[in-house]
Amino acid sequence: MFDINLLRNDLQATADWMKKSRGFSIDVAAFEALEAERKALQIQTQELQQQRNALSKAVGQAKAQKDDVKASQLLAEVAAVPEKVKANELALSAVQERVNTMLLTMPNIPQPGTPLGKDSDDNVEARRWGTPKSFDFEVKDHVAIGEALSAGGAGMQLDFETAAKLSGARFVVMKGQLARMHRALAQFMLDTHVNEHGMTECYVPYIVNADSMMGTGQLPKFEDDLFKVPMATDDGTVKNRYLIPTSEVSLTNFVRDSIVAADTLPLRLTAHTPCFRSEAGSAGRDTRGMIRQHQFDKVEMVYISKPEDSDALLEEMVGFAEKILQKLELPYRVVRLCTGDMGAGSAKTYDLEVWLPAQNTYREISSCSNIEAFQARRMGARYKNAAGKNEPVHTLNGSGLAVGRTLVAIMENYQNADGSVTVPEVLRGYMGGLATLA
RNA sequence: GGAGAGGUGGCAGAGUGGUUGAAUGUACCUGACUCGAAAUCAGGCUUACCGCAAGGUAACGGGGGUUCGAAUCCCCCCCUCUCCGCCA
């Protein structure tokens with residue numbers, strides 16, 4: 001949720017920057033009018049409430065003193081007030097609702113210095129790591145590699161046909177060594193974050209309620225991207241819950257509606273979960289292979305921090321995601337997203353893009369964002385600051401990493417001329433010493 | 001799935017229509033006493049919003065209703081706990 005104080009204190013400058021960065025127009029005059037209306041209504045409502053309260057109190061006192069005459073006088077005097085109060089309360093909450101809706105539907109304000117741009121073409125490369133390997137044979141993509149690998153009687157190690165039969169397009173079945181490597185990858189990532197990066201491993205629900213989706217911002221705007229799970233309630237009606245599109249939702253909502261003890265910050269959380277996305281609006285994009293699926297696994301990192309620490313923690317988080325790629329010896333680059341390519345909630349985002357030989361390009365494998373107080377405000381996630389005031393925390397999230405895409409990257413970068421795939425050193429311990437998928 | 005109990009301030013726990021934003025205990029903060037601590041005593045101690053301020057408004061799981069007035073009465077929902085049944 002957008003910070004209303006930015007609009008109250010610095011309306012024009014905020015509007016200018018939102019226009020320039022996000023291309024988002026704030027109707028300055030409309031906001032000022034709405035605020036003026038709200039203020040007038042609130043003052044009026046509170047005066048009426050005060051009047052009612054005072055008279056009601058007097059009625060009580062009169063009755064206590066058995067002064068029935070006075071009591072009925074007072075009752076006659078208040079008679080008309082509750083109606084006026086009610087009318088004002090309704091008007092006030094309608095206006096507040098409009099203000100709220102406005103704030104809820106606005107994207108976060110990008111940090112100053114965010115590169116301006118309209119899409120991924122305008123992102124700015126921050127650094128590269130590793131050198132793409134040159135192959136002395138024609139490289140295959142992960143689909144060709146995986147389908148050529150045999151899981152014995154069970155068939156291909158990578159099997160889209162069976163997945164389509166079971167579920168439809170954009171699902172995958174993995175078998176044998178490849179399935180094992182997929183599992184090994186998640187274990188390896190989790191172990192690294194827990195043992196070397198000091199994160200707390202979490203197991204979390206994959207189905208969450210609407211409040212949680214609201215908290216992290218998937219709702220109300222992006223309902224189409226979610227899978228809904230209807231669940232019967234006691235009175236026989238059905239309420240939707242949702243499959244998580246990322247464990248950011250589960251992890252970040254840990255602190256919804258709570259005051260986090262300041263001395264526990266920052267919280268560094270990680271979880272390995274499947275993620276479910278309907279990919280509405282992505283029809284025709286990345287239809288081949290397992291780059292874009294309805295279901296995929298991800299190891300997620302979520303930080304809850306004090307506002308003053310979040311910038312440095314974002315750098316730390318990106319570094320931890322990079323660490324995974326470095327250990328796997330996969331070439332990648334770090335990209336600072338431009339204003340047009342950032343998610344609506346983000347104030348600052350880095351993407352990690354891994355080299356995919358078959359596509360001869362870098363593809364996103366992680367996205368790390370500082371959401372600042374944008375989620376915390378709508379979630380009611382606060383901590384007591386040094387001045388003793390409750391203040392929204394900052395939330396950060398990042399993939400560390402997308403497991404499926406990492407598997408793709410390994411298959412393509414570690415492929416051999418004979419169709420086998422070398423297992424990266426760091427994974428062999430997780431795979432009973434297996435050195436090659438063949 | 002069946003039966004029952006309950007959701008009040010950081011925690012525990014009173015409060016069943018009126019001067020109760022809320023007794024009491026505990027935790028915490030400040031001060032006194034002390035060489036220091038403990039104990040004891042005194043004071044303070046929910047949050048959000050409006051207001052220059054004085055002060056005011058709202059909030060007792062959430063929403064609606066009754067009433068001049070609701071933590072308290074009525075309706076709906078959510079959640080937690082206990083027992084039985086079923087079950088990975």
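As the structure is a prediction and not an experimental result, all values here were calculated from the model. Chain letters run A, B, ... following the sequence lines, proteins first, then strands; residues in each count from 1.
The distance between atom CG of A:Leu92 and atom P of B:A48, rounded to the nearest whole Å, is 19 Å. Going from atom CG of A:Leu103 over to atom P of B:C49 covers 13 Å, rounded to whole Å. Remark: P of B:C77 and CG of A:Asp211 are 17 Å apart, rounded to the nearest angstrom. Here the P atom of nucleotide B:C50 and the CD atom of A:Glu37 are 16 Å apart, to the nearest Å. For the pair A:Asp257 CG and B:U47 P, the computed distance is 17 Å after rounding to whole Å. The distance from atom CZ of A:Arg382 to atom C1' of B:U46 is 11 Å, rounded to the nearest whole Å. Separating the CG atom of A:Asn209 from the P atom of B:C78 is a distance of 12 Å, rounded to the nearest angstrom. Protein atom CG of A:Asn88 is 14 Å distant from nucleotide atom C1' of B:C50, rounded to whole Å.
Under the side-chain contact (heavy atoms from CB on, under 4.5 Å) test applied with A:Arg336, the options A:Asp341, A:Thr114, A:Thr349 reduce to a single match, A:Thr114. Just one residue in the list A:Gln12, A:Lys19, A:Lys20 forms a side chain to side chain donor-acceptor pair (under 3.5 Å) with A:Asp16, and that residue is A:Gln12.
Between B:U19 and B:G56, the distance separating the two P atoms is 16 Å to the nearest Å. Taking atom P in both B:A14 and B:C79, one finds a spacing of 25 Å when rounded to whole Å. The separation of B:C11 from B:U16, taken at their P atoms, amounts to 23 Å, rounded to a whole angstrom. With both ends at atom C1', the span from B:G9 to B:A48 equals 15 Å, rounded to whole Å. Across the C1' atoms, B:G69 and B:G18 are found 6 Å apart, a figure rounded to whole Å. Remark: the separation of the P atoms in B:C41 and B:G25 is 10 Å, to the nearest Å. Here, B:G4 and B:G17 have their C1' atoms 28 Å apart, quoted to the whole Å. On the P atoms, B:G55 is 16 Å away from B:G44, given to the nearest whole Å.
Under 4.0 Å is where a charged nitrogen must lie from a carboxylate oxygen, and between A:Glu279 and A:Arg170 no such pair does.
A:Thr200 and A:Arg268 share no side-chain donor-acceptor pair at under 3.5 Å. No hydrogens or angles considered: a donor-acceptor pair under 3.5 Å links the side chains of A:Glu372 and A:Gln111. Remark: the A:Glu329 side chain and the A:Tyr414 side chain contain no N/O donor-acceptor pair separated by less than 3.5 Å. Counting only N and O atoms by type, the side chains of A:Asn397 and A:Ser369 include no donor and acceptor under 3.5 Å apart. Judged by distance alone, the side chains of A:Asn53 and A:Ser56 never bring a donor and an acceptor atom under 3.5 Å apart.
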Sugar-phosphate atoms are those with a prime plus P, OP1 and OP2; base atoms are the rest. Using that split, label each nucleotide of nucleotides 52-69 of chain B B, S or - for protein heavy atoms under 4.0 Å, 5' to 3'.
-> ----BSS---------BS
Convert the base pairs of RNA chain B into dot-bracket notation, remembering that pairs crossing earlier ones are written with [ ] and that bases paired across to another strand are shown as |; include only Watson-Crick or G-U pairs under 3.5 Å.
-> ((((((((.[[[..)..(.....]]].(((((.......))))).(((((....))))).[[[[[..)....]]]]])))))))....
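Between A:Phe227 and A:His294, the ring planes are perpendicular. Angles over 60° get that label, and only those under 30° would be called parallel.
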Side-chain donor-acceptor pairs under 3.5 Å in residues 41-51 of chain A, sequence neighbours left out?
from, atom 1, to, atom 2, distance (Å)
A:Gln42, OE1, A:Arg38, NE, 3.3
A:Thr45, OG1, A:Leu41, O, 2.6
A:Gln49, NE2, A:Glu89, OE2, 2.8

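In this structure, A:Arg8 reaches the sugar-phosphate backbone alone: every heavy-atom distance under 4.0 Å involves primed, P, OP1 or OP2 atoms, never a base.
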